[in-house]
Amino acid sequence: MIRLLALLVSFVSLSAFPPGALAQSFPSRPIVMVVPFAAGGPVDVVARILGEPMRKSLGQAVVIESTTGAGGSIGVGRVARAAPDGYTLSIGHWSTHVVNGAVYQLPYDLLKDLEPVAMIGGNPMIVVTKPNVPAANLKELVAWVKANQEKVNVGTAGAGSSTHISGIYFQNEIGAKLQFIPYKGTGPAMQDLMGGQIDMMVDQLSNSLPQVRANRIKGYAITAKERSAAAPDMPTVDEAGLPGLHISIWYGIWAPKGTPKEIVARLNAAVVDALADPATRQRLGDLGMEIVPRDRQTPEALGAHQKAEIEKWWPIIRAANIKLN
Ligand code: MLT
């Protein structure tokens, strides 16, 4: 009903202008980018890094708002129900825009209720622990986890989040049973990892790398085939003893379904401009984020990739029978 009203309101206001005029006057006010996890976590950081160059391109502020809960599905739902006028955007990644559809009974459809705007890039996960875990490498960590598995607490950003799925993947690979502690995002989970309230995470590289560099947590291996240019000394899981544990978290931006094509193109151009900006590339690169090539930054490439990922992952996730708590 709310979505119907939003569509009606936007239809009345959009039909007052021909599409060309709409695109020309867009944007005439600030744009809200909804982050579906807590402030300070990886999605929030990527949104803030892109927000400033997008403002320059669009001539309007990009306001970052966090709407958390249920593995990011509440924040995405807020955008799926918003007016399709380009002023409310959803930023998210593999778990929010693919996995959640297999884990939750979503009151929206990830493909039918959202309009892809731009693919951004991605980063692998990294196995990290609190500073005083007595393991010098991944093999020693696996032995320590298995010996203490009743007590080992693993932080996650909620059921179905990338940290949760990756933690399950890790525990299955090593044959252990771990305790998962859900947070509203990996920003707050990282605070508790540094403070030693939780033991470990399989976290996005971009969230953990600054803390590994500062020796506030310990890093063991990244879930990729190749080492990251941002962390050349960090071994891959293949090198460190858990071959094949490959997970990459790709990011995108979406608008509500029905957003006029001209407005999607304008928003896409702003993301493309931001991703071409040398300072933005440097900031994302320092965090271990790899930006997709220009020809994959299109709405079409994001839509095709999201659909292919849903087809690949939903059967795997459903077969894994992931519990919501
Ligand atoms: C966050 O922004 O908190 C993360 O994307 C959540 C996650 O990776 O699990």
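Both counts, for ligands and for their atoms, begin at 1 and track the order of listing. These numbers were taken from a predicted model, which means no experiment stands behind them. One is the number of the first residue; the rest follow in order along the sequence.
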*Asks:* Looking only at heavy atoms of Ser95, does any of them come nearer than 4.0 Å to an atom of ligand 1?
*Replies:*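 No, Ser95 has no heavy atom closer than 4.0 Å to ligand 1.
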
*Asks:* What protein heavy atom lies closest to atom 8 (O) of ligand 1? Include the residue and the distance to one decimal.
*Replies:*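 Nearest neighbour among protein heavy atoms for atom 8 (O) of ligand 1, to 0.1 Å: Ser162 OG, 2.5 Å.
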
*Asks:* Rounded to the nearest 0.5 Å, how far does CG of Asp203 lie from OG1 of Thr186?
*Replies:*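 Going from OG1 on Thr186 over to CG on Asp203, the span is 5.0 Å.
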
*Asks:* If we count only N and O atoms by modelled type, under 3.5 Å, do the side chains of Glu309 and Trp314 hold a donor and an acceptor together?
*Replies:*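 Side chains of Glu309 and Trp314: no pair found under 3.5 Å.
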
*Asks:* Taking 4.0 angstrom as the limit and counting only heavy atoms of Gly185, give me the atoms of ligand 1 inside it, by number and element.
*Replies:*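 Selected atoms, number and element: 3 (O).
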
*Asks:* Are the aromatic rings of His305 and Trp250 close, with centres under 6.0 Å apart?
*Replies:*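 Ring centroids of His305 and Trp250 are less than 6.0 Å from each other.
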
*Asks:* To which protein heavy atom is atom 2 (O) of ligand 1 closest, and what is the distance rounded to 0.1 Å?
*Replies:*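 Nearest protein contact, heavy atoms only, for atom 2 (O) of ligand 1 is Val43 N, 3.1 Å.
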
*Asks:* Got the closest protein heavy atom to atom 5 (O) of ligand 1, with its distance?
*Replies:*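 Its nearest protein heavy-atom neighbour is His93 NE2, 2.8 Å.
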
*Asks:* Do the two ring centres, one from Tyr183 and one from Phe37, sit under 6.0 Å apart?
*Replies:*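 Tyr183 vs Phe37: aromatic centres not under 6.0 Å.
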
*Asks:* Less than 4.0 Å between a side-chain N and a carboxylate O, is that true for Lys257 and Asp113?
*Replies:*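 Answer for the salt bridge query: no.
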
*Asks:* So, 4.0 Å and heavy atoms of Lys184: is ligand 1 close enough to count as a contact?
*Replies:*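 The answer is no: ligand 1 sits nowhere under 4.0 Å from a heavy atom of Lys184.
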
*Asks:* Among Thr223, Asp238, Thr236, which residue meets the side chain to side chain donor-acceptor pair (under 3.5 Å) test with His246?
*Replies:*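 Exactly one candidate clears the test, Asp238.
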
*Asks:* With respect to atom 6 (C) of ligand 1, which of Ala189, Gly40, Ala157 exhibits the smallest heavy-atom separation?
*Replies:*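 Looking at heavy atoms only, the winner is Ala157.
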
*Asks:* Quick one: does ligand 1 sit under 4.0 Å from the side chain of His164, the backbone, both or neither, non-hydrogen atoms only?
*Replies:*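 Within the 4.0 Å criterion, His164 makes no contact with ligand 1.
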
*Asks:* For His164 and Phe180, take the angle between the two ring planes, folded into 0 to 90°, and tell me which bin it lands in: parallel under 30, tilted 30 to 60, perpendicular over 60.
*Replies:*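 Correct class here is perpendicular.
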
*Asks:* So between Val99, Asn123, Thr163, Val46, whose heavy atom ends up nearest atom 9 (O) of ligand 1?
*Replies:*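 Answer by nearest heavy atom: Thr163.
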
*Asks:* Regarding ligand 1, does Ala38 bring an N or O atom to under 3.5 Å of one of the ligand's N or O atoms?
*Replies:*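 Such a contact does not occur with ligand 1.
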
*Asks:* Is it the case that ligand 1 has an N or O less than 3.5 angstrom from some N or O of Thr186?
*Replies:*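 Yes; the residue has a nitrogen or oxygen that sits under 3.5 Å from a nitrogen or oxygen of the ligand.
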
*Asks:* Got a salt bridge between Glu239 and Arg227, using NZ or NE/NH1/NH2 to carboxylate O under 4.0 Å?
*Replies:*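 Between Arg227 and Glu239 there is a salt bridge, with a charged N closer than 4.0 Å to a carboxylate O.
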
